[in-house]
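Scroll down for the structure; my scribbles are underneath it.
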Amino acid sequence: MKINKMYYTFFAFLICYCSLTKLCLAGDGDNLFDMCPTGTTHRTVFINGLPCKSPSDITASDFKSSLLSDRGDTDNLHGSSTTLATAADFPGLNTLGLSTARTDLDVDGAVLPHTHPRASEMIFIRAGSVVVGFVDSSNRMFQKRLREGDVFLFPRGLLHFVYNAGFEDAEIYSVLNSQNPGMASIAGGLFAGNGSNVVEEMMMEKLKDVSMRDLDGVSIVDL
């Protein structure tokens with residue numbers, strides 16, 4: 001009887017441990033099918049993700065996208081443009097825990113500090129020379145100058161930026177490990193409305209200054 005009680009206690013502990021481990025490690029859920037392109041015809045229920053197409057309706061076109069083929073419109077205050085392709089408009093990504101993006105920057109253009117709460121981001125420099133960086137929870141900035149062919153990683157949830165410090169337009173491609181990475185920006189979140197342009201201009205100047213200091217190093221920074 002005592003042995004049985006020990007077994008029951010052990011199995012109960014094991015089940016609790018496995019459940020908690022699964023909850024702690026969970027990101028986007030694993031795929032239960034070979035593939036699951038987004039089905040957009042019937043949206044009568046709300047789920048954590050997107051519904052799948054019927055297997056009989058899946059085609060090769062679901063796994064191909066031209067969303068990142070063209071340069072974005074950089075005629076704005078930041079001199080930059082980012083086009084994000086998620087499972088909502090690139091069906092083949094559904095349930096795979098991925099999204100992808102293209103960023104174009106004019107000379108002195110920037111992607112202002114922001115975070116992706118549900119994803120890490122890996123970037124590939126297709127053209128140009130940029131300064132990138134992210135800030136950790138200890139307020140340390142990790143910053144590098146990147147050139148054509150370089151790859152850099154922004155860890156999940158950390159504030160990060162990109163600045164074109166070169167003499168030609170820059171072209172960057174990204175992969176994020178969530179089909180819905182989300183984005184939270186300082187200027188957009190706290191100063192939306194009439195005051196946001198002023199704040200963004202101040203951040204652009206600060207970013208330009210930060211990009212020229214402590215290059216390729218780790219430093220304490222006050223953004």
Side-chain angles (χ1 to χ4, degrees), residues 22-32 35-40 43 46-52 62-74 76 78 80-105 109-126 130-137 141-144 146 150-164 170-192 196 200 203 207 223:
K22 182 65 176 176
L23 288 172
C24 291
L25 296 179
D28 288 357
D30 290 337
N31 199 351
L32 299 180
M35 49 198 164
C36 179
T38 309
T40 57
R43 296 299 299 274
F46 293 92
I47 60 175
N48 186 24
L50 295 167
C52 301
D62 292 322
F63 303 95
K64 181 256 186 183
S65 175
S66 299
L67 289 171
L68 309 184
S69 299
D70 299 325
R71 177 178 169 81
D73 182 9
T74 58
N76 52 56
H78 314 140
S80 68
S81 171
T82 297
T83 303
L84 179 66
T86 68
D89 38 32
F90 187 176
L93 291 174
N94 196 31
T95 74
L96 299 184
L98 295 171
S99 56
T100 183
R102 169 178 174 157
T103 300
D104 297 288
L105 301 103
V111 178
L112 295 182
H114 65 283
T115 69
H116 300 295
R118 293 181 290 276
S120 297
E121 179 179 9
M122 182 175 288
I123 66 172
F124 167 74
I125 312 303
R126 171 65 179 80
V130 299
V131 172
V132 302
F134 65 86
V135 181
D136 71 3
S137 56
M141 184 170 70
F142 296 76
Q143 181 174 289
K144 291 290 287 183
L146 305 180
D150 286 341
V151 173
F152 193 79
L153 177 67
F154 300 124
R156 175 179 174 173
L158 296 187
L159 200 66
H160 58 277
F161 67 88
V162 182
Y163 175 72
N164 186 356
E171 184 178 331
I172 301 172
Y173 291 90
S174 307
V175 175
L176 302 97
N177 66 335
S178 171
Q179 72 176 49
N180 184 23
M183 190 187 84
S185 67
I186 297 175
L190 297 178
F191 304 99
S196 62
E200 288 177 359
M203 290 183 69
L207 199 56
L223 289 176

Output the distance between atom CG (D150) and atom NZ (K144), rounded to the nearest 0.5 Å.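 Going from the CG atom of D150 to the NZ atom of K144 covers 8.5 Å.
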
Once you measure the plane-to-plane angle for F154 and H160, does it fall in the parallel (<30°), tilted (30-60°) or perpendicular (>60°) bin?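 Parallel, since the angle between the ring planes stays under 30°.
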
Hey, is the main chain of [Y] close enough, under 3.5 Å, to the side chain of [X] for a donor-acceptor pair?
X: R156; Y: H116; value: no
X: D89; Y: T86; value: yes
X: S80; Y: G109; value: no
X: E171; Y: D104; value: no

Exercise: identify the closest heavy-atom pair between [X] and [Y]:
X: S174; Y: E121; value: OG-OE2, 2.9 Å
X: S120; Y: L153; value: CB-CD1, 4.4 Å
X: A101; Y: L84; value: CB-CD1, 3.8 Å
X: A85; Y: S99; value: O-CB, 3.3 Å
X: R118; Y: N180; value: NE-O, 2.7 Å

For this output row, return yes or no: ring centroids of F134 and F142 closer than 6.0 angstrom.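 Yes; F142 has its ring centre under 6.0 Å from that of F134.
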
Heavy-atom count check: over 12 atoms from other residues, nucleotides or ligands less than 6.0 Å from R126 CZ?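 No, not enclosed.
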
For residues [X] and [Y], determine if any side-chain heavy atom of one lies less than 4.5 Å from a side-chain heavy atom of the other.
X: S81; Y: T103; answer: no
X: M183; Y: T115; answer: no
X: I125; Y: V130; answer: yes
X: L98; Y: L176; answer: no
X: V162; Y: I172; answer: yes
X: V132; Y: Q143; answer: no
X: T100; Y: L67; answer: no
X: M141; Y: F161; answer: yes

F63: which residues meet the side chain to side chain contact (heavy atoms under 4.5 Å, CB included) condition with it, sequence neighbours left out?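 Partners of F63 by the side chain to side chain contact (heavy atoms under 4.5 Å, CB included) criterion, ordered by chain and then number, come out as M35, P37, I58.
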
Would you check, one step at a time, whether the test side-chain contact (heavy atoms from CB on, under 4.5 Å) holds for Q179 with L96? CA-CA 7 Å; Q179 72 176 49; L96 299 184; over 6 Å; no

I'd like to know whether Y173 forms a side-chain contact (heavy atoms from CB on, under 4.5 Å) with I123, so could you lay out the CA-CA distance, the side-chain angles of the two residues, the decisive distance to 0.1 Å, and finally the verdict. CA-CA 6 Å; Y173 291 90; I123 66 172; over 6 Å; no

